[in-house]
Amino acid sequence: MCRNIRVLHNFEPPATDDEIEAAAIQYVRKVSGATRPSAANEEAFNEAVRAVTAATQTLLGDLVTKAPPRDRAVEAAKAKARAAERYGDRGAAGRG
């Protein structure tokens with residue numbers, strides 16, 4: 001359920017608002033145990049997503065590092081290589 005939560009800190013270009021919100025949605029889904037909340041829980045679910053999104057934006061804005069920013073394409077290639085090693089061609093082909 002949390003496969004879409006990725007490291008968002010120290011990338012060039014920085015994480016977008018959409019990436020931050022997607023991570024927040026995945027987090028709330030995992031914690032609540034629901035992919036889609038019931039009508040009775042929808043407002044609580046949506047408020048949690050808003051709160052986690054805001055907290056994540058604050059965190060990313062406040063973090064400090066001396067490391068050079070990571071390149072998204074390079075990191076994606078590394079992940080693809082790890083998947084190929086772990087799962088063989090089938091696992092690498094399904095990712096992207």
Side-chain angles (χ1 to χ4, degrees):
M1 205 184 285
C2 287
R3 289 185 210 148
N4 290 341
I5 297 178
R6 305 282 186 235
V7 174
L8 299 176
H9 175 60
N10 198 28
F11 276 99
E12 190 57 47
T16 65
D17 290 342
D18 288 342
E19 290 173 312
I20 294 169
E21 183 178 24
I25 290 168
Q26 289 299 316
Y27 175 80
V28 173
R29 285 177 175 170
K30 183 67 169 188
V31 170
S32 70
T35 302
R36 297 199 187 276
S38 66
N41 293 323
E42 187 172 10
E43 186 52 41
F45 186 93
N46 291 339
E47 181 54 34
V49 170
R50 285 189 289 273
V52 172
T53 298
T56 303
Q57 288 170 328
T58 299
L59 173 65
L60 292 175
D62 291 348
L63 289 174
V64 177
T65 184
K66 292 182 181 180
R70 292 176 284 186
D71 182 284
R72 290 177 185 277
V74 170
E75 296 300 318
K78 288 180 188 177
K80 189 173 183 178
R82 284 191 304 269
E85 185 176 317
R86 183 172 186 179
Y87 302 110
D89 290 335
R90 190 187 85 208
R95 295 181 180 16

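- To the nearest 0.5 Å, atom CD of residue Glu21 and atom CD of residue Glu19 are 12.0 Å apart.
- Heavy atoms only, all atoms of each residue included: Glu42 and Pro37 are closest at CA-CG, 3.9 Å.
- For the atom pair OG1 (Thr53) and CG (Asp18), the distance works out to 10.0 Å, reported to the nearest 0.5 Å.
- At least one donor-acceptor pair under 3.5 Å links the side chain of Asn10 to the backbone N or O of Pro68.
- Take Arg50 and apply the side-chain hydrogen bond (donor to acceptor under 3.5 Å, both in side chains) test, not counting sequence neighbours, and it matches Glu43, Glu47.
- In this structure, the separation between CZ on Arg72 and CZ on Arg6 is 11.5 Å, given to the nearest 0.5 Å.
- Leu63 forms part of a hydrophobic cluster together with Leu8, Ile20, Leu59, Leu60, judged by ILVMFWY side-chain heavy-atom separations under 4.5 Å.
- Taking all atoms of both residues into account, the shortest heavy-atom contact from Ser32 to Phe45 is OG-CE1, 3.8 Å.
- In this structure, Arg29 contributes its side chain and Thr35 its backbone to a donor-acceptor pair below 3.5 Å.
- Using a 4.0 Å cut-off between charged side-chain N and carboxylate O, Glu75 and Lys78 make a salt bridge.
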